[in-house]
Amino acid sequence: MDILRTIVMVLFVLISIVLVVVILMQESKTSGLSGAINGVADTYWGKNKGRSMEGKLVKATKVFAALFFIIALALNMNW
């Protein structure tokens with residue numbers, strides 16, 4: 001059982017590192033004063049956000065965050 005716990009702990013650390021990197025790779029959501037004045041335009045990139053690199057990073061963040069919490073709960077259980 002100690003070997004399984006060690007494997008899960010290493011996986012938890014790796015997911016933590018990947019989650020930090022994925023979050024840091026994302027662009028800022030604030031557009032500053034220019035976004036408040038001009039508004040948000042419907043562009044090709046805005047409409048196809050899910051297919052862009054930014055959309056993939058958002059999906060990856062959700063997946064790794066879910067894995068992070070699931071493994072954190074599993075490690076907290078008394079095995």
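These numbers come from a predicted model, not from an experiment. Along the sequence shown, residues are numbered consecutively beginning with 1.
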* Asked: What's the spacing between Met25 CE and Lys56 NZ if we round to 0.5 Å?
  ->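 It comes to 11.5 Å.
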* **More than 12 heavy atoms from other groups under 6.0 Å of CD1 on Ile3** =>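 Atom CD1 in Ile3 is not packed in, count stays at 12 or less.
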Could you list the donor-acceptor pairs under 3.5 angstrom formed between side-chain atoms of residues 6-21 and any protein atom two or more places apart in sequence or on another chain?
unit_1: Thr6; atom_1: OG1; unit_2: Asp2; atom_2: O; d: 2.8
unit_1: Ser16; atom_1: OG; unit_2: Phe12; atom_2: O; d: 2.8

Enumerate, atom names and distances included, each donor-acceptor pair closer than 3.5 Å involving a side-chain atom of residues 61-69, sequence neighbours excluded.
unit_1: Thr61; atom_1: OG1; unit_2: Gln26; atom_2: NE2; d: 2.5
unit_1: Thr61; atom_1: OG1; unit_2: Leu57; atom_2: O; d: 2.7

